[in-house]
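Quick notes on the structure that follows.
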Amino acid sequence: MRKQLTAALGLHLCMLPGFALAGEQNTSSDDDVVDVVLIGGGTMSVTLGTWLNELEPGWNIHLYERLDSIAQESSDGWNNAGTGHSAFCEMNYTPPTDDGGVDISRAIGVTEQFEISRQFWAHQVERGILPDPNDFISNVPHVSVVWGQDNIDFLRERYSRMSENPLYAGMEYTEDNATMAEWMPLVMDGREDGTPMAATRMQLGTEVNWGAMTRQMADNLARQNNVSLTMNSEVRGLDRNDDGTWRVTIADLESGDTHTVNSRYVFNGAGGAALLLLQESGIPEAEQYAGFPVGGSFLYTTNQDVVSRHDVKAYGLAAEGSPPMSVPHLDRRFLDGQPALFFGPFATFSTKFLKNGSWTDLFSSMTFSNTLPMMKVGLNNFNLVRYLVGQVLQDREDRLAALRQYYPDLNPDDWQLWNAGQRVQIIKKTEDGSRLQFGTEVVVSEDGTMSALLGASPGASTAPPIMLNLMTRVFPDRFESDAWQSTLRDIIPSLGMQLADNPEMLRQVRIDTANMLQLEGQAEFIRANLPGGDDSAPSDSSSANVGEATNPTDEAVDVDGPVDGPVGDVENADVSERQESANP
């Protein structure tokens with residue numbers, strides 16, 4: 001009887017006017033198809049929109065953000081470390097080797113990427129898209145600091161290897177307490193235990209407010225007739241039309257109404273929520289992924305008597321057995337128009353995939369294909385589980401004790417706790433089983449029409465090169481066209497080059513970007529430490545020996561891979577080996 005009723009109901013529904021037609025023919029016409037839909041108003045989507053708007057100014061681009069303004073999740077200045085990650089101080093990018101050496105290959109890749117980012121941002125300043133660089137980027141030296149003889153030996157070897165490379169020209173090393181006291185007074189004052197220490201300093205370090213930068217670029221996009229930015233709009237459906245376009249269903253969170261938009265290309269840059277939307281798209285590539293959310297918090301102070309005595313970003317080493325997200329650092333920041341200090345991160349746990357997400361996010365992402373891999377990863381990563389449990393159980397005194405290792409004379413009353421952004425760690429099925437990845441990964445459908453960014457941290461420092469490499473996969477023919485290549489080389493003068501092998505071009509690019517980004521003192525530092533060259537030479541590929549690069553992006557990527565490998569914030573660098581301890 002139940003089968004008969006079901007069949008009758010199905011026949012009745014199919015007889016409704018237009019029902020069968022609507023269910024079987026998901027087609028679109030050129031008149032109602034936009035070129036690109038960008039999901040999420042964070043750094044990645046806005047960066048891609050900025051790239052595409054210059055490369056294809058006639059394209060119709062729609063961006064949808066679920067919150068009421070741009071860059072309110074992980075991109076917001078209060079929700080991340082704000083470090084311009086260039087591998088100057090992040091020791092997780094330079095793991096020790098079995099023979100007692102240090103592998104700097106990944107650091108070189110990250111530094112090369114950051115140089116592309118600097119050129120991209122400088123170009124946007126020149127065009128007026130980023131009208132005031134002082135609002136989002138500033139010169140803050142990057143310092144690495146360690147305690148204990150084993151760690152000193154590691155840092156000395158790291159410095160020895162890196163200082164041989166032009167990318168790190170001008171890096172300084174010291175084991176002298178008086179010198180370290182000049183570099184970072186807060187770290188050294190009140191330190192009486194006599195534990196040996198060492199540090200390196202790189203004057204070219206930067207502090208970046210990714211939220212301010214993203215909002216400036218979004219403001220420019222909003223002024224373009226071909227671009228639409230819509231807030232309070234949540235993407236809830238991604239369905240493939242019969243003609244290969246995508247039907248995107250959007251809910252207006254203010255009115256409750258929904259509507260659809262057909263698009264030739266969709267980029268899913270929804271931060272932690274990207275995994276859920278990727279699964280919603282139904283592309284086969286989504287089946288190999290699961291996600292595990294980890295939040296972060298920082299201690300911070302705006303007491304200017306304290307802040308004025310620490311004008312660097314000081315990075316340490318993660319303790320033995322700790323995951324890379326636990327790298328401690330005491331940072332000079334510029335937020336809401338005033339200097340501040342941040343210390344952390346401290347891990348938190350929530351089943352939300354976004355800071356403003358839902359408690360059901362984790363459970364909604366679990367499918368038949370990814371639940372078992374999630375369980376296996378949990379069993380095989382006991383150190384991570386132990387770390388997270390320990391972090392969740394920490395109280396205020398525990399966090400202050402961790403800060404006291406970097407600031408012995410602290411006054412607890414100066415420091416408050418801030419809950420920062422949510423990150424979703426990638427769990428990926430591979431031929432060798434399931435593994436937990438701490439980096440950033442871009443997933444692209446076979447035909448290139450659907451792409452998504454997954455990862456614990458989108459790596460705002462590397463957003464321009466990540467999106468550059470995404471375009472090689474999504475728009476391969478256009479990318480190789482003369483029109484795109486000409487524009488790309490206007491934006492990135494070093495396109496296709498390995499700057500480590502071209503010190504004259506490196507010098508020119510760094511001086512040009514330092515001047516355009518108004519990074520005080522950097523141009524003089526570069527001239528002093530990268531001598532030679534003609535400062536008046538034009539800042540394009542003709543000012544140095546570009547060579548015969550066959551793929552213009554081959555040398556503009558992280559050594560672990562431009563898209564598939566882990567890139568971005570050092571807290572997520574996937575390094576299996578650790579120094580014994582960063583603690584004195």
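What you see is a predicted model; the values in this text were computed from it and never measured.
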By the ring pair (Phe, Tyr, Trp, His ring centres under 6.0 Å) test, which pairs, at least two apart or in different chains, include something from residues 94-130? Trp51-Phe120, Phe114-Trp121, Trp121-Trp210
Run the salt bridge (charged side-chain N to carboxylate O under 4.0 Å, His left out) test against Arg404 and tell me which residues pass, sequence neighbours left out. none
Have a look at Met213 and tell me which of Thr43, Asp135, Leu130, Thr47 forms a side-chain contact (heavy atoms from CB on, under 4.5 Å) with it. Leu130
Test: Arg106 cationic atom under 6.0 Å from Tyr93 six-membered ring centre, within 45° of axis: no
For residues 306-314, run the donor-acceptor check on the side chains, cut-off 3.5 Å, and write out each pair with its distance to 0.1 Å, sequence neighbours left out.
unit_1: Ser308; atom_1: OG; unit_2: Gln304; atom_2: O; d: 2.9
unit_1: Ser308; atom_1: OG; unit_2: Asp305; atom_2: O; d: 3.3
unit_1: Arg309; atom_1: NH2; unit_2: Asp189; atom_2: OD2; d: 2.1
unit_1: His310; atom_1: NE2; unit_2: Val312; atom_2: O; d: 3.2
unit_1: His310; atom_1: NE2; unit_2: Leu330; atom_2: O; d: 3.0
unit_1: Lys313; atom_1: NZ; unit_2: Ala81; atom_2: O; d: 3.3
unit_1: Lys313; atom_1: NZ; unit_2: Glu207; atom_2: OE1; d: 2.8
unit_1: Lys313; atom_1: NZ; unit_2: Arg332; atom_2: O; d: 3.4

Check whether Arg510 reaches the backbone of Leu167 with its side chain - one donor and one acceptor, N or O, closer than 3.5 Å. yes
For Glu182, salt bridge (charged side-chain N to carboxylate O under 4.0 Å, His left out) partners two or more places apart: none
Return yes if a side-chain donor-acceptor contact under 3.5 Å exists between Asn139 and Glu520, otherwise no. no
Which word best sums up how the rings of Tyr315 and His85 line up, parallel for under 30°, tilted for 30 to 60°, or perpendicular for over 60°? perpendicular
Write out all pairs satisfying ring pair (Phe, Tyr, Trp, His ring centres under 6.0 Å) with one or both partners inside residues 169-202, taking only residues at least two apart or from two chains. Tyr159-Tyr173
Does any donor atom in the side chain of Ser75 or Thr214 lie under 3.5 Å from an acceptor atom in the other side chain? no
Donor-acceptor side-chain pairing of Ser105 and Asp103 below 3.5 angstrom: yes
Taken in chain and number order and not counting sequence neighbours, the residues that satisfy salt bridge (charged side-chain N to carboxylate O under 4.0 Å, His left out) with Arg118 are none
